[in-house]
Amino acid sequence: MTSLFALVDCNNFYASCERLFRPELEGKPVVVLSNNDGCAIARSNEAKALGVKMGDPLFQIQDIVKQHNIHVFSSNYELYGDMSFRVAETLRSFTPNVEVYSVDESFLDLGEFKFLNLPEYALNIKNRVKQNTGIPVSIGVAPTKTLAKVANRIAKKSPKANGCLVLTDSYHIDEALKRTEIGDVWGVGRQYAKFLINYGIATAYKLKHTNDSWIKKHLSVVMLRTVKELRGEPCADLELEPGKKKEICTSRSFGKPVKEFDELLEAASTHAGKCAFKLRKQKCCAKELTVFVHTNRFADTPQYFNSKKIQLPTASSSDLELIKHTKKALERIYKPGYLYKKAGVIVSDIIPGSNVQLNLLDKTDHGKEFTLMQFLDRITNKFGRDSVKVACQGIDPKKNWNLKREFISPCRTTRLNEILTIRI
DNA sequence: TCTGGGGTCCTAGGACCC
DNA sequence: TCTGGGGTCCTAGGACCC
């Protein structure tokens, strides 16, 4: 075996971030909610032990929350993003070969370190991340990414492992696979787990020994890669450069239901502006824009779901241009009389900004808009989000469409912007 | 009263062509 | 009533991930 990967996974990441600035909550149950304070999306170990499940709606766990004095937070993505960056920086002090896989997980290529004392090295990483950032992590080390995931799960759960597990010899790998339920394998979701259990394949170990052609026939080539990775055959390398997005979506549920077109437009244009910003950040333009709206599927009220895709005359990353077309699309799908719960904008057919073909029939001065957007981004950088807005995005934060965030913590690590915005 | 958001990849099936 | 075969491209939908 030549390859070696480590998966570093932050424990209960959002809950751990919130606790950093409230040390008195150490050892106490903490829950972080999704947008609009809807569901539990992160739980401290104490909250897990009390039976709070991932995705539980707040209103359904209200009793346990009160009874056990669980500390509840609205999600604060600015804080989590900043802490995520700091964790990644610490990991890069061990090796430049770090793939930031998600906000709370990174893969490290340890191929060149395999002659070191790996358990000690992993423990070293864990301790330094804790020391530098305050965030507790678990580390799994193995010859493939999928096996590193397996190792990580056990490292996190087993008290004996102390947060780190190295799986390099086949005996221990197989023992770990026997202890891993099929649904806990990376790449096996709910549907596939159900299907596989039906055929008597209930553990990772069984999956490892399933016939290739059967997998390909009944599942997919993606699953075949997973199986090969379980056998120690690497099918996925480290991705060092974050790939450019093929589509970008911004959407939110509303704090309260929205009826009127103008308010829906405020929400949709705000999402369009965010999409434009994300496009500029990766120096790209989009040729297609989709707007969608829908009512609350949980409510016992008339339901309506619709979307409209528009081809832009010229690929663009300008707030003004995307908002203009968002309005057009929204006019096509808006129906009065419904209680809308969510709106969103998706931009797709994304191309590099340098490849934009000008359209002779298009009257917009794209050069001018590009310069305007550069100024807009500079102002935003200096004075914080939402310092400048397009009028139809609205300025009243009390409007129904805005997020409900009753339990938000202050942005302690990135507060400079906030202070500047207030002063101006 | 209250139920997240943002992605990717693959496949099946339809439209169209020769 | 019978009514090709193969290729490409596109889209919708389903699966997965965090």
Side-chain angles (χ1 to χ4, degrees), chain A residues 7-10 12-14 31-42 52-63 65 72-77 80-81 84 99-107 145-146 149 152-153 182-196 215-226 229 235-236 239 242-257 267 271 274-275 278 282 288 290 292 294-301 305 307 309 311 339 341-350 400 403-407:
Chain A
L7 173 62
V8 181
D9 188 322
C10 301
N12 315 324
F13 184 53
Y14 296 172
V31 161
V32 179
L33 302 173
S34 62
N35 278 331
N36 275 322
D37 298 339
C39 308
I41 50 168
V52 179
K53 300 262 174 341
M54 181 73 174
D56 275 352
L58 176 61
F59 74 96
Q60 276 177 13
I61 53 169
Q62 217 43 281
D63 289 347
V65 167
V72 172
F73 290 92
S74 302
S75 36
N76 182 345
Y77 294 106
Y80 313 148
S84 175
E99 171 187 343
V100 178
Y101 176 71
S102 74
V103 71
D104 65 338
E105 281 175 56
S106 291
F107 284 104
K145 283 180 161 183
T146 306
K149 277 266 189 186
N152 189 286
R153 258 190 73 79
I182 192 73
D184 293 332
V185 175
W186 193 36
V188 180
R190 280 240 293 282
Q191 301 304 317
Y192 288 167
K194 223 163 85 186
F195 178 84
L196 287 164
I215 293 287
K216 224 169 140 182
K217 186 174 162 208
H218 290 94
L219 297 153
S220 70
V221 293
V222 182
M223 187 58 67
L224 189 57
R225 282 200 284 270
T226 297
E229 288 234 324
C235 298
E239 285 173 32
K244 297 221 162 150
K245 300 265 179 281
K246 291 164 186 168
E247 59 177 41
I248 292 169
C249 172
T250 309
S251 73
R252 290 284 181 282
S253 297
F254 305 138
K256 294 177 194 151
H271 300 330
K274 285 257 162 62
C275 287
K278 292 177 192 171
Q282 62 174 58
E288 277 178 351
T290 307
F292 66 86
H294 60 81
T295 50
N296 184 355
R297 68 182 198 277
F298 297 106
D300 193 19
T301 47
F305 177 101
S307 66
K309 189 185 261 187
Q311 308 291 328
L339 291 171
K341 181 61 182 170
K342 187 172 178 178
V345 173
I346 305 167
V347 290
S348 46
D349 203 346
I350 293 174
N400 287 341
L403 282 180
K404 193 165 109 187
R405 302 216 283 183
E406 262 175 58
F407 316 104

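Every chain is numbered from 1 and lettered A, B, ... according to where its sequence line falls, protein lines coming before strand lines.
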Student: Which whole-number value in Å describes the distance from A:I248 CD1 to B:dG5 P?
Tutor: 18 Å

Student: Report, as a single string ordered 5' to 3', how protein heavy atoms within less than 4.0 Å touch nucleotides 7-18 of chain C: B base, S sugar-phosphate only, - not at all.
Tutor: --------SSSS

Student: Given the P atoms of B:dG14 and C:dG4, what is the spacing between them in whole Å?
Tutor: 16 Å

Student: What is the distance from CZ of A:F298 to C1' of B:dT3, rounded to the nearest Å?
Tutor: 4 Å

Student: Would you please name every residue forming a salt bridge (charged side-chain N to carboxylate O under 4.0 Å, His left out) with A:K149, sequence neighbours left out?
Tutor: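 Expected list: A:E105.
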
Student: Who is the Watson-Crick or G-U wobble partner of B:dT11, with both distances under 3.5 Å?
Tutor: C:dA12

Student: Can you check whether A:K245's main-chain N or O pairs, donor with acceptor, with A:Q282's side chain at less than 3.5 Å?
Tutor: yes

Student: Let's go through A:K309 and A:E288 carefully: what are the C-alpha distance in whole Å and the side-chain angles of both, what is the deciding distance for salt bridge (charged side-chain N to carboxylate O under 4.0 Å, His left out) to 0.1 Å, and is it a yes or a no?
Tutor: CA-CA 7 Å; A:K309 189 185 261 187; A:E288 277 178 351; 3.7 Å; yes

Student: Tell me: CG of A:D37 to P of B:dG5, nearest whole Å?
Tutor: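 Interatomic distance, CG of A:D37 to P of B:dG5: 12 Å.
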
Student: With a 4.0 Å limit, can you tell me whether A:K342 has a side-chain N or O closer than that to the phosphate oxygens OP1/OP2 of B:dG4?
Tutor: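 It does not, given that no N or O in the side chain of A:K342 lies less than 4.0 Å from OP1 or OP2 of B:dG4.
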
Student: What is the separation between atom CG on A:N296 and atom C1' on B:dT3, rounded to the nearest whole Å?
Tutor: 8 Å

Student: What is the distance from CD of A:E406 to C1' of B:dC2, rounded to the nearest Å?
Tutor: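 Distance check: A:E406 CD to B:dC2 C1' gives 10 Å.
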
Student: With a non-hydrogen cut-off below 4.0 angstrom, is A:K256 in contact with a base, only sugar-phosphate, or nothing?
Tutor: nothing

Student: Could you check whether A:T250 gets within reach of a base, just the sugar-phosphate, or nothing at all, counting any heavy atom under 4.0 Å?
Tutor: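 Since only primed, P, OP1 and OP2 atoms lie under 4.0 Å of A:T250, the category is sugar-phosphate.
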
Student: If you compare every side-chain N and O of A:K274 against the phosphate oxygens of B:dG6 (OP1, OP2), does one of them come in below 4.0 Å?
Tutor: no

Student: Between C1' on B:dC2 and NZ on A:K404, what's the gap in Å once rounded to a whole number?
Tutor: 5 Å

Student: CG of A:D300 versus C1' of B:dT3: gap in Å, rounded?
Tutor: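 About 15 Å, once rounded to whole Å.
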
Student: Start at the 5' end of DNA chain B and walk down; is the nucleotide closest to A:K216 or to A:K341 reached first?
Tutor: A:K341

Student: Could you tell me how far apart A:K53 (NZ) and B:dG4 (P) are, to the nearest whole angstrom?
Tutor: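 To the nearest whole Å, that distance equals 18 Å.
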
